K.L.:
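One structure, pasted below without further comment.
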Amino acid sequence: MILVKLGGSVITDKAQYQSVRLDVLTRLCREIVESGKDVVVVHGAGSFGHIMAHDHRLAEGHLDDGQIPALATVSRDVRQLNLMVMDAMLSVGLMPISLPPSACVLMKGGEIKDLGAERIRSYISLGASPVMFGDVALDESMGFSICSGDQIIESLAKEISPERVVFVSDVDGIMDRDPADPSSRVVEVVRPEDVEVMDFHARVKDVTGGIRKKLKSMLGLCTPERECLIINGTVPGRLLAALNGERVLGTRVELDTDE
Ligand code: IP8
C-alpha cells in the first residue's frame, strides 16, 4: 500500500479562490492507475479551503459565531473540490469512496483524536479506495478546527502501515531558497536536524503551517522501512516513477542521521 497526498498546490491554483487544475489532476490519477499499485489518496484543500479559512481564523477554533457561515462555506467548498477528485479518479477506473473529515473525524486541540480508522480499513478490504481531504472538523476542545491532509496522512500511516508515502507538490521538492529564485536547488535529502535551520518562504495563505510543519510531520512518518518523498506532480511521469520505486527528482525525508 502506498499513501499519496495530492497537495492543494498541485491540484488547485492556491492563490486564486476555487481554481482547480483539472488536467494535472486527471493525469495524476492516470499515473496512479498505470502504476498498478494499491494507493490511498488524501488531497489538500488548496484555494478551496485556505483562503477563506485564513480570512476567518478557522484554524484557531470557535472564537465567535461570526465564523460559522465561513465554517459552513469552507466545508462545502472543499467537498466541491473532493467531488472533482472523485470524478477524475472514477474517470480512469479507480474506485474512490469519499470520507469527509467534517463528518468522520474528531479533533482535540487541533490534533486528530479519532480518524475513523475502522471505516477506512473496511472500505480497503472491500477493494474500494477511501479518499480523505483537508477539511474543517469537530474539535472536542476548540469547537471546530482544521483537519489538514498532512495530519490525515500522519494518522493514516499509523493505521495502514504504507510502504511509501508520496507528497505530490508543485515544486521539484524542498528548495534551498525561495522556489521563485532561479538559482534555487532541490534539497535531495532532509533529516531532522535540517528542519529548524532551513529557510522557508510562504508564497500564499496556508492555514496549516506551511513547509516547516509539513516536513516535521513527514519526519514523524519515516521509519527505516518506509520511504517518504516530495515530488513535483506538474511534471508528467514523476508520480508514476515514484510509485514504481524508481529514482526521481525530489526530496527524500529520512531519519538516519549517520549516513
Ligand atoms: O490543504 C487544509 O488542508 P491542507 C484544510 O491539506 C482547510 O493543508 C480547510 C484549509
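All ligand and atom numbering here is 1-based and tracks the order in the structure. Note that the numbering runs from 1 along the sequence shown for the chain. It should be emphasised that the depicted structure is a prediction, and the values quoted were computed from it without experimental measurement.
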K.L.:
Quick test of your reading: applying ring-ring contact (aromatic ring centres under 6.0 Å, His included), list the pairs with at least one residue in residues 56-77, sequence neighbours left out, ordered by first then second residue.
P.N.:
His62-Phe144
K.L.:
Quick check for you: to the nearest 0.5 Å, what is the distance between Ile174 atom CD1 and Ser169 atom OG?
P.N.:
7.5 Å
K.L.:
Is the shortest distance from a heavy atom of Lys5 to ligand 1 less than 4.0 Å?
P.N.:
yes
K.L.:
Any link between Leu94 and Leu25 through a network of hydrophobic side chains (Ile, Leu, Val, Met, Phe, Trp, Tyr) touching at under 4.5 Å?
P.N.:
yes
K.L.:
State, without any angle test, whether Thr234 and Arg21 hold a side-chain donor-acceptor pair at a distance under 3.5 Å.
P.N.:
no
K.L.:
Is there a polar contact between ligand 1 and Cys147, counting only N or O atoms under 3.5 Å apart?
P.N.:
no
K.L.:
Only heavy atoms of Gly149, strictly under 4.0 Å: list the atoms of ligand 1 that pass.
P.N.:
3 (O), 4 (P), 6 (O)
K.L.:
Kindly confirm or rule out an N or O of Ala45 lying under 3.5 angstrom from an N or O of ligand 1.
P.N.:
yes
K.L.:
Can you check whether His50 has an N/O within less than 3.5 Å of an N/O in ligand 1?
P.N.:
yes
K.L.:
Flag yes if more than 12 heavy atoms outside Glu188 fall under 6.0 Å of its CD atom; otherwise flag no.
P.N.:
no
K.L.:
Counting each atom of ligand 1 from 1 as listed, which ones have a heavy atom of Val74 under 4.0 Å away?
P.N.:
9 (C)
